[in-house]
Amino acid sequence: MDLNREKGRENGPEDGSGNGSKNSPAHNASRLSDPQYLKELQVKMLKFAQIQLSDHQLAEDAVQEALIGAMKNAKSFGGKSAFKTWVFAILKNKISDILRKRHRTAEVTNLVGNSASEDEDFSNLFDETGHWANGMEPKKWGDPEAELKDKQFWLVFETCLDNLPEKQAKVFMMREHIGLSSDEICENEGLTVSNLHVLLYRARMRLQKCLELRWLEEGKEDYA
Amino acid sequence: MLSCKEVSRLTSLAQERPLGLWERVQFKVHLLICKNCSNFAKNIGLLRDISREHARRDDN
């Protein structure tokens with residue numbers, strides 16, 4: 001198990017192939033400053049934000065802040081689709097903050113479409129004795145080597161990330177994609193370590209289940 | 001004896017910090033006798049690898 005990752009981490013292959021420069025932080029960042037690409041991303045973000053906020057100005061502000069925020073960690077991402085997932089995770093959190101202020105209530109904690117409640121505890125996955133419930137038992141995944149080269153697999157994974165409640169998505173990606181330490185995430189997001197652990201636990205439970213349902217059980221052919 | 005639900009929490013926690021001695025003993029003993037939680041622990045480890053690769057990979 002990978003315990004206590006240090007803050008920040010180097011990009012590039014970890015197999016010692018010596019081919020580090022192609023996926024170096026500088027290379028990643030420069031690719032992501034392609035104006036055409038950013039323009040297209042901005043359009044998609046704006047469409048999404050407008051639906052959620054019903055206010056053009058607020059939507060524009062949210063998109064701008066989210067893009068600027070996302071660019072800070074752009075060098076952690078080697079590809080466009082992963083970066084897009086990250087950008088949208090930030091955007092959804094910004095929108096959620098705006099909605100919360102607008103309604104002035106702690107009840108509005110999740111966006112339309114996200115169904116997690118504050119006390120999500122996965123009681124449907126476990127029976128009353130705390131064992132895995134019938135039909136919910138974790139499966140053997142085996143070696144994912146083939147999957148990691150399969151475009152369809154990544155589409156499924158991104159869908160699973162997109163389906164996470166926005167706070168879970170953001171902290172999960174900060175931890176796993178960008179490699180920030182617990183302390184950094186807590187400081188950034190105003191969370192206690194205990195809050196963070198709960199969010200990460202929930203994200204992992206959801207992702208594990210989602211991947212099993214959408215990839216292992218439905219069969220890869222469905223996505224061809 | 002820990003329940004599978006408690007072990008699922010520890011599995012996630014183990015990705016964040018070293019488990020304490022007693023936590024670790026109970027955790028490992030449970031994994032030895034529970035195939036489901038053993039699968040789960042492996043899957044959570046793979047999830048970390050998958051996420052890392054997701055960030056790293058060049059799909060352009």
Side-chain angles (χ1 to χ4, degrees), chain A residues 1-5 9 11-14 22-23 28 31 76-83 85-86 121-123 125-126 129-132 136-141 143-144 147-148 151 153-154 157-158 161 172-173 175-179 182 193 196-197 200-205 207-208 211-212, chain B:
Chain A
M1 275 177 254
D2 188 13
L3 304 173
N4 269 2
R5 291 244 301 263
R9 63 184 167 78
N11 249 359
E14 290 167 48
K22 187 187 175 197
N23 204 5
N28 292 346
R31 183 197 300 130
S76 294
F77 295 92
K80 288 176 178 171
S81 47
F83 180 67
T85 305
W86 167 238
D121 69 347
F122 304 101
S123 46
L125 293 179
F126 299 99
T129 63
H131 289 102
W132 292 96
M136 298 295 178
E137 301 93 338
K139 315 271 185 307
K140 252 190 169 40
W141 287 4
D143 182 357
E147 272 74 7
L148 298 189
K151 265 200 165 83
F153 173 75
W154 292 115
F157 185 59
E158 272 149 26
L161 279 171
F172 181 82
M173 292 190 80
R175 185 85 184 97
E176 302 297 332
H177 291 68
I178 296 167
S182 295
V193 168
L196 177 62
H197 289 168
L200 289 171
Y201 168 68
R202 290 172 179 175
R204 289 177 179 129
M205 291 295 277
L207 286 170
Q208 200 260 165
L211 280 176
E212 278 195 355
Chain B
M1 269 300 294
L2 295 178
S3 69
C4 295
K5 190 170 181 181
E6 289 164 321
V7 169
S8 73
R9 283 295 299 264
L10 280 180
T11 302
S12 177
L13 195 57
Q15 301 262 301
E16 302 311 308
R17 63 162 173 81
L19 297 182
L21 179 60
W22 186 227
E23 281 175 326
R24 199 157 63 237
V25 166
Q26 292 188 94
F27 178 64
K28 294 207 173 201
V29 165
H30 185 103
L31 292 190
L32 278 174
I33 60 178
C34 179
K35 193 70 193 138
N36 293 326
C37 288
S38 176
N39 287 344
F40 182 75
K42 290 200 188 91
N43 296 349
I44 293 307
L46 287 175
L47 189 57
R48 172 158 279 180
D49 296 340
I50 289 166
S51 301
R52 192 179 304 180
E53 178 58 18
H54 185 228
R56 188 208 71 81
R57 68 185 279 263
D58 184 343
D59 62 355
N60 305 315

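Nothing here was measured: the structure is a model prediction, and the numbers come from that model. In what follows, every chain begins at residue 1, and chains take the letters A, B, ... in the order their sequences are listed.
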Quick one: are B:Ser8 and A:Phe122 in side-chain contact, heavy atoms under 4.5 Å? no
Do the side chains of B:Glu6 and A:Phe126 get nearer than 4.5 Å, heavy atoms only? no
Which atom names give the shortest non-hydrogen contact between [X] and [Y], and what distance separates them?
X        : Y        : result
B:Ala55  : A:Ala82  : CA-CB, 4.3 Å
A:Trp154 : B:Ile50  : CH2-O, 3.4 Å
B:Asn39  : A:Lys139 : CB-O, 3.6 Å
A:Tyr201 : B:Lys5   : OH-O, 4.0 Å
A:Leu148 : B:Glu53  : CD1-CG, 4.2 Å

With A:Trp141, which residues qualify under ring pair (Phe, Tyr, Trp, His ring centres under 6.0 Å), at least two apart? none
For A:Phe172, ring pair (Phe, Tyr, Trp, His ring centres under 6.0 Å) partners two or more places apart: none
Derivation of the side chain to side chain contact (heavy atoms under 4.5 Å, CB included) call for B:Thr11 and A:Arg204: CA-CA 10 Å; B:Thr11 302; A:Arg204 289 177 179 129; over 6 Å; no
For chain A, find which of B:Val7, B:Leu2, B:Asn36 contributes the most heavy-atom pairs closer than 4.5 angstrom. B:Asn36
Test salt bridge (charged side-chain N to carboxylate O under 4.0 Å, His left out) on A:Arg175 and B:Glu16; report intermediate values, then the result. CA-CA 9 Å; A:Arg175 185 85 184 97; B:Glu16 302 311 308; 2.5 Å; yes
Okay, B:Ile44 and chain A: the region with an atom under 4.5 Å from a heavy atom over there is side chain
What's the spacing between [X] [atom1] and [Y] [atom2] if we round to 0.5 Å?
X        : Y        : atom1 : atom2 : result
B:Leu13  : A:Leu200 : CG    : CG    : 10.0 Å
B:Ser38  : A:Lys140 : OG    : NZ    : 6.5 Å
A:Glu176 : B:Arg52  : CD    : CZ    : 8.0 Å
B:Cys4   : A:Glu137 : SG    : CD    : 9.5 Å

More than 12 heavy atoms of other groups within 6.0 Å of A:His197 NE2: yes
Contact part of [X] toward chain B, heavy-atom cut-off under 4.5 Å: side chain, backbone, both or neither?
X        : answer
A:Thr85  : side chain
A:Leu161 : side chain
A:Leu211 : side chain

Is it true that B:His54 and A:Glu158 share a donor-acceptor pair across their side chains at a distance under 3.5 Å? yes
Show your reasoning for whether side chain to side chain contact (heavy atoms under 4.5 Å, CB included) applies to B:Arg57 and A:Ser81. CA-CA 10 Å; B:Arg57 68 185 279 263; A:Ser81 47; 4.0 Å; yes
Taking it one step at a time, do A:Phe157 and B:Leu47 satisfy side chain to side chain contact (heavy atoms under 4.5 Å, CB included)? CA-CA 10 Å; A:Phe157 185 59; B:Leu47 189 57; 4.0 Å; yes
